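Notes follow once the structure below has been shown.
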There are 2 protein chains.
Amino acid sequence: MVTMSDVARLAGVSTMTVSNVVNNRPGVSGPVRTRVQEAIRQSGYRVNTSARTLRSGRTGVIGLAVPEIGRSYFGLLAAHVIEQAGRLGFHVAVEQTGAAADGELDAIAHSHTLHFDGLILSAVGLDSRDRRLAEADYPIVMLGEQDYGGRLDHVAMPNEEGTRAATAHLIERGCRRVAVVTGGALEGVNVVTRRYQGYLAAHADRGLTPDPALRFAVTAMSPEGGRDAAHRLADSGLAIDGVVCVTDTVAQGVLRGLADRGLRVPDDIRLVGYDDIPEAAMMVPSLSTVAPDHRWMAATAVELVVGRIHDGGRPASEHVAPFELMARESTR
Amino acid sequence: MVTMSDVARLAGVSTMTVSNVVNNRPGVSGPVRTRVQEAIRQSGYRVNTSARTLRSGRTGVIGLAVPEIGRSYFGLLAAHVIEQAGRLGFHVAVEQTGAAADGELDAIAHSHTLHFDGLILSAVGLDSRDRRLAEADYPIVMLGEQDYGGRLDHVAMPNEEGTRAATAHLIERGCRRVAVVTGGALEGVNVVTRRYQGYLAAHADRGLTPDPALRFAVTAMSPEGGRDAAHRLADSGLAIDGVVCVTDTVAQGVLRGLADRGLRVPDDIRLVGYDDIPEAAMMVPSLSTVAPDHRWMAATAVELVVGRIHDGGRPASEHVAPFELMARESTR
DNA sequence: CAGCGCAACTTTATCGATACACAAAGCTCT
DNA sequence: AGAGCTTTGTGTATCGATAAAGTTGCGCTG
């Protein structure tokens, strides 16, 4: 392994000068700089990240904790985060939490242990009631959840607003009995409750109160969960002509489940999702959905962690992503 | 920050003893071990990975380079790799190559720089002709490609066999003119050429020679690329009653593109993909496809890198994943 | 009971890069 | 001409953990 002193010897300077050249620091004259660069090229020298980290205390790595990287939505998010972090000179290590609060707290602990400079946590299990979150004195940015009591930086999705717009869209297209396929626990403040609120709000805006029987909870936030919910929905015998889904991933399963029961979308039932995963436009029928600006979210989250890495004392801030309603075939 | 000497002082032993306890090494008596563990608990000590790495030369991180983590297939793969690596005490850093040979070579260089202990490279651009690959004296495992001249460890998919089975399946279901939607470059030895060979082989097995006009190349290995190919296919006026797709991701787009032209699957055209991404079972109609054992692939790849990390001199080996043909609605 | 073997700890010297203090040379200005 | 600056560069101590080479002390054998 080639070290800095090897390069220094080759260039006839001190290691400090090599370090200064490598890090683009001032105080090195043109000729010497060139000579050192040439020595680096010749010797094939590469900085040893561990040594640098040990001395400087920075690793240049940001942790990204998501429930499951295999789900389109999180994969997409990760792709954007990796890209944005790279732009600012950071690397990304992905952690999977398994969509459980324990896994999410583990990720925080782990992040510490591995000396990531900061952590972007896309939590679905944790909520604002968990005190352990605030205890971590560490650059953490919450991504995609709502309301952490202002103690942490937070990039939120327009959960309530988005679902409200999606529900309104269905009603405007003539749906009279709109069901909602939502997550399990309807307590606390989280993505599930906020989106459910949006569904209720859209009805309230029009002086309507949806029948509580129209709420179907999934057992898991997966296509399988959605499929199952759709079966129950179809078998309920209720006259339903529209469905709002908590996520596109669930909507995928719902679409499939409705097909299983011979129900056609949008002819018999209209369907709308949330997230605008890449598959949404490719589904048959293509899925109408709420499209938050993922790239914006990733960029903002990365900027926030990096900002906090450089200045830990900054007060926490909250940012809500802009969104667009994508009207596609499933609500035509 | 709590260091080892802090713990040592607290427990009244030397740092070396603390190190021995932390790493579960022998030579520490029961009582002392307990005392040190208690001191660790009390002080909240965590090992500094950088210092350990600097001294021991191992980082405990495996790089995983994929074209695009946002694509279902690679997300799924990553999920399995992360899980398997964790089981063996390794962490995973994800790199995106952008499906280009340059990006893939960059990832190798990067992997070196960041001192990952090894690299799992899911290459689509590089092929066996690239000499620069073999030059890297470093634990690299190729994942999902075919034939690197035996210089590198390699976990391959049953590309030819799988596509052959898929094509045979279509023919057995009564398809007479089976088109193939494949990748752009049909030269060298790569995933695209191997699968195309499988398509030809299935025909040859039955004494058939497919019409060359039935080959449609995508501009990109994406749903969009597939959709576009399907449009060209439908507009060609050729009597086609079956389509073999190079990947499920492409098949997703093909299904969509056929729907755009009013063609029904499987009534008018039967369709089969490759990969068995999670969405395949959820599509409408659900997609028949070749399902290689992803978990097996990830586990094997991780075992190979870790093995090579511990013993660099081992000769390279090649492993082909088992597969299953999933017959679903799209070929009913 | 000398002396060997072994388990249980400790000491010391590093791994490679960098912060910091300091030195030498060149330049300006009164 | 020499004080005061700036520019450019050099030593040295250090980050935290660990491999390797000591140092105890104790039991056991011949």
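Just the heavy atoms: all of them, side chains too, but no hydrogens, waters or symmetry mates, feed the values below. Worth saying up front: this structure is predicted, and the values here are computed from it rather than measured. Convention: sequence-line order gives letters A, B, ...; per-chain numbering from 1.
Mapping Arg55(B) and Thr15(A) onto DNA chain D by nearest heavy atom places Thr15(A) at the nucleotide closer to the 5' end. Residue-to-nucleotide proximity on DNA chain C shows that, of Val13(B) and Val2(A), the 5′-proximal contact is made by Val13(B). Ranked by how close their nearest DNA chain C nucleotide is to the 5' end, Arg33(B) and Leu54(B) are led by Arg33(B).
Relative ring orientation between His91(A) and Phe116(B) is described as perpendicular, the plane-to-plane angle rising above 60° on a 0-90° scale split at 30° and 60°.
No donor-acceptor pair closer than 3.5 Å links the side chain of Asp153(B) to the backbone N or O of Val141(B).
Contact check, Ser50(B) against dA17(D): no side-chain N or O comes under 4.0 Å of OP1 or OP2.
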Residues Asp6(A), Ser43(A); criterion side-chain contact (heavy atoms from CB on, under 4.5 Å); working and verdict: CA-CA 8 Å; Asp6(A) 294 333; Ser43(A) 59; 5.9 Å; no

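Side-chain contact, Arg71(A) with Ser72(B): no donor N or O sits under 3.5 Å from an acceptor N or O. Counted by atom type alone, Ser19(A) and Arg25(A) present one or more donor-acceptor pairs between their side chains at under 3.5 Å.
Rounded to whole angstrom, the span from the CZ atom of Arg25(A) across to the P atom of dT7(D) amounts to 18 Å. Taking atom CE of residue Met4(A) and atom P of nucleotide dT14(D), one finds them 20 Å apart after rounding to whole Å. Spacing between atom CZ of Arg35(A) and atom C1' of dT8(D) amounts to 12 Å, rounded to whole angstrom units.
Using a 4.0 Å cut-off between charged nitrogen and carboxylate oxygen, Glu38(B) and Arg41(B) count as a salt-bridge pair.
Among the heavy atoms of the strands, none lies under 4.0 Å from Ser56(B). Across all strands, Val18(A) comes closer than 4.0 Å to no nucleic acid atom at all (heavy-atom distances). Across all strands shown, Val32(B) has heavy atoms under 4.0 Å from sugar-phosphate atoms exclusively, and none from any base.
In 5' to 3' order, the nucleotides of DNA chain C bounding all contacts with chain A (an atom under 4.0 Å from a heavy atom) are dG16(C) to dC20(C).
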